[in-house]
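Before any comments, here is the structure.
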2 protein chains.
Amino acid sequence: MRENTTLKKIAEKLNLSISTVSRALKNHPDISPETKKKVNELAELLEYDPNPYAVNLRTHSSKEFAIVVPSLSNFFYHSFITAIEEDARDYSYSVIIYRSSNDAKIEHEILKSCRHKRVSGIFIAITAETTEIEPFLKLDVHGIPVIFFDKVPEYESCNKICVGDEHAASIVAEEILNKGIKNVLGIFGDKNMSITQARMKKFNEILSDNSQVNIKSVHATSSEEAEALSLSLIPDFLAKKSAVFCMSDEILAGTMKAIQKIKLKMPDDIGVISISDGMIPKLFYPEITYAETSGYNLGKLAFSRMMRCIAGSSFAQTIIDESKLVQGGSI
Amino acid sequence: MRENTTLKKIAEKLNLSISTVSRALKNHPDISPETKKKVNELAELLEYDPNPYAVNLRTHSSKEFAIVVPSLSNFFYHSFITAIEEDARDYSYSVIIYRSSNDAKIEHEILKSCRHKRVSGIFIAITAETTEIEPFLKLDVHGIPVIFFDKVPEYESCNKICVGDEHAASIVAEEILNKGIKNVLGIFGDKNMSITQARMKKFNEILSDNSQVNIKSVHATSSEEAEALSLSLIPDFLAKKSAVFCMSDEILAGTMKAIQKIKLKMPDDIGVISISDGMIPKLFYPEITYAETSGYNLGKLAFSRMMRCIAGSSFAQTIIDESKLVQGGSI
DNA sequence: AATGTTTCCGCAAACGTTTGCGATAGAATT
DNA sequence: AATTCTATCGCAAACGTTTGCGGAAACATT
């Protein structure tokens, strides 16, 4: 096992002190140009790279961000991560990705590890079962900023970056009105999730304003359940100009299975519209019209908020990212 | 910013030396049971956790694995990561995930970072443009085992865990023969990729043995290209008992778009079969029959290989994971 | 009572940096 | 010629651990 080159080695070869080498490498004004040149050349040759553990031990700063997500099999998180990584690179931070598996215990361990590694900051989408926020506040006490995104806690005074659930639901509802749809089947997710409540409230609100539209809302907690509901309910909707709204990708997947099974054609037999990050909707023909929730945008917003926190802003803020309608041909 | 508790603080409160506290915490036989009890209790109370930077600086070991993948939006890698994380937890290793974005330069930086962090080991699926393997060999010199998976280099003497491309292609071909298909359109990926060559060779080999089957092979490098090819070629196949084989999810997505566009019914109008991790095939009705390449299996195999390496095995090995046919109803 | 064994614990060095401070030389100022 | 600057550099402490070694009791053996 070959050893890494250290300041000490460079110092010995050049007959200098360790401190001089260290300063030369960071372009400290105390060091003469000639010495700097010599040191830099040898460092280059020996492929010197500072030992991050020693640096951190000394300086208490790690120049790395942590991103914690419940799951990775998700286009939305993937594009969020992409956005963060892009920006982080510009500021020469590196990013490490953690996966909580939607398990509060694992999440807690990850947090602890982040604390001890003294990461520079944490971006986190909490698990569905996360109830305590003290651990997060504790991180702030330790000087590690926490930016919540997507799945955020109820707690008020913390930094949250969310997709605009109300806004997404509203542009979907508007589109339904525009198309002159008279019958709507809305399939929503788990009743207890705040995302469900927000999307459903706004959606029903807008469509109820228009007395000519007939709405039926149901809940499904899995793709299979969405499929079963679609199979049993959609046939009743075929008589008149109608559409089904799927609140999420998971539900959309189930509904599409049913539509294929009954051999319905979009948009004539039935319209389909959803809220999505855009991956699933593009697998079908015609492509599904959807309100796009952009993980990428969210990432950009989260990063700039993070940098502000690191710069010293202790002011907590909730930022909402609005989505835009992407036309498929399904409605 | 509150400070973390250190050995020193515990030592002072208990009027002990730092070394005694350290040893007590690791249950060293030199320490009396009473002292151990006192120390452990106070450590618990103060939420002591060793500073990983100090530990690493001292011991040169980090107890963490790195997983490097080109992309995260991929069910296959996701299940690979899941498998590694499960096993790592059992051995109290933690895992950090890096994303190379299919960029050799970024990959190289990640590798450097891994080296300086002295991760305990690296699991990596290399980028399409990775040509040099010296950096990987250098890691081995530094005592960091590297296990390649999925996308592996040509280089012989290294540890590789791959899906059995030949085997997957063969069971797909067998299924085509079983179903009595006479006309086959095979859509393969980029000609230059070894995975394409392996799958195509075996596929054509088996079907050619059977003189009654008529095969046409084409290449597509994107989902859109696959769709275009499907649109133009599939109509010619409708006359007789025929099927299309999609080498990958990307191609399958394009082909399915075309099939929906032409309004064909599976399996009567045309059969569809593919090699996949299983996510995309389940979005359609009927579900697509596919040879399953399991990231999860690969992960388990990779991990046990890794542990053997850490235990000292310098013997390089290539392990092939065979896949199994998952029946949909598409052929 | 003298010696040998345990049992329990502390000293101090080391890992590789960063950084405040002091030291030395020559140059510039009186 | 005595003094003050300035430019360069080195010393040493600190970050929080781990660990070889040695030391002092307490106990057991002659």
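For clarity, every value in this text was computed on a predicted model and none was experimentally measured. Letters go in sequence order (proteins before strands), and every chain restarts at 1.
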Send over the distance from [X] [atom1] to [N] [atom2], rounded to a whole Å.
{"X": "B:Ile10", "N": "D:dT17", "atom1": "CD1", "atom2": "P", "value": "8 Å"}
{"X": "A:His116", "N": "D:dC15", "atom1": "NE2", "atom2": "C1'", "value": "15 Å"}
{"X": "A:Asn15", "N": "D:dG10", "atom1": "CG", "atom2": "P", "value": "9 Å"}
{"X": "B:Asn51", "N": "C:dT17", "atom1": "CG", "atom2": "P", "value": "17 Å"}
{"X": "B:Asp30", "N": "D:dT19", "atom1": "CG", "atom2": "P", "value": "13 Å"}
{"X": "A:Ile18", "N": "D:dA14", "atom1": "CD1", "atom2": "P", "value": "17 Å"}
{"X": "B:Leu16", "N": "C:dC8", "atom1": "CG", "atom2": "C1'", "value": "11 Å"}
{"X": "A:Leu25", "N": "C:dT19", "atom1": "CG", "atom2": "C1'", "value": "15 Å"}

Within the structure provided, determine whether B:Pro153 and B:Cys158 are in side-chain contact (heavy-atom separation under 4.5 Å).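 They are in side-chain contact.
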Distance-minimising heavy-atom pair for [X] and [Y]:
{"X": "B:Phe149", "Y": "B:Phe123", "value": "CE2-C, 3.7 Å"}
{"X": "B:Ile84", "Y": "B:Gly299", "value": "CD1-O, 3.4 Å"}
{"X": "A:Glu64", "Y": "A:Val119", "value": "O-CB, 3.5 Å"}
{"X": "A:Asp150", "Y": "A:Leu298", "value": "N-CD2, 4.1 Å"}

Selected nucleotide, minimal atom distance to [X] side chain, candidates [options]:
{"X": "A:Leu7", "options": "C:dG16, D:dG10, C:dT17", "result": "C:dT17"}
{"X": "A:Val55", "options": "D:dC15, C:dT19, C:dT17", "result": "C:dT17"}
{"X": "A:Pro33", "options": "D:dG20, D:dC15, D:dT8", "result": "D:dT8"}
{"X": "B:Thr20", "options": "C:dG16, C:dC9, C:dC15", "result": "C:dC9"}

Below the 4.0 Å mark, does [N] have OP1 or OP2 next to a side-chain nitrogen or oxygen of [X]?
{"X": "B:Ser32", "N": "C:dC9", "answer": "yes"}
{"X": "B:Thr35", "N": "C:dC9", "answer": "yes"}
{"X": "B:Tyr48", "N": "D:dT17", "answer": "yes"}
{"X": "B:Ser17", "N": "C:dG10", "answer": "yes"}
{"X": "B:Ser19", "N": "C:dC11", "answer": "no"}

Record whether the side chain of B:Arg118 comes under 3.5 Å of the base of C:dG16 through a donor-acceptor pair of N or O atoms.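 Checked by distance alone, the answer is no.
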Counting any heavy atom closer than 4.0 Å, what does B:Ser22 reach on the DNA or RNA strands: base, sugar-phosphate only, or nothing?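 Answer is base: heavy atoms of B:Ser22 come under 4.0 Å of a base.
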More 5' along DNA chain C: B:His60 or B:Val21, using each one's nearest nucleotide?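 Counting from the 5' end, the first nearest nucleotide belongs to B:Val21.
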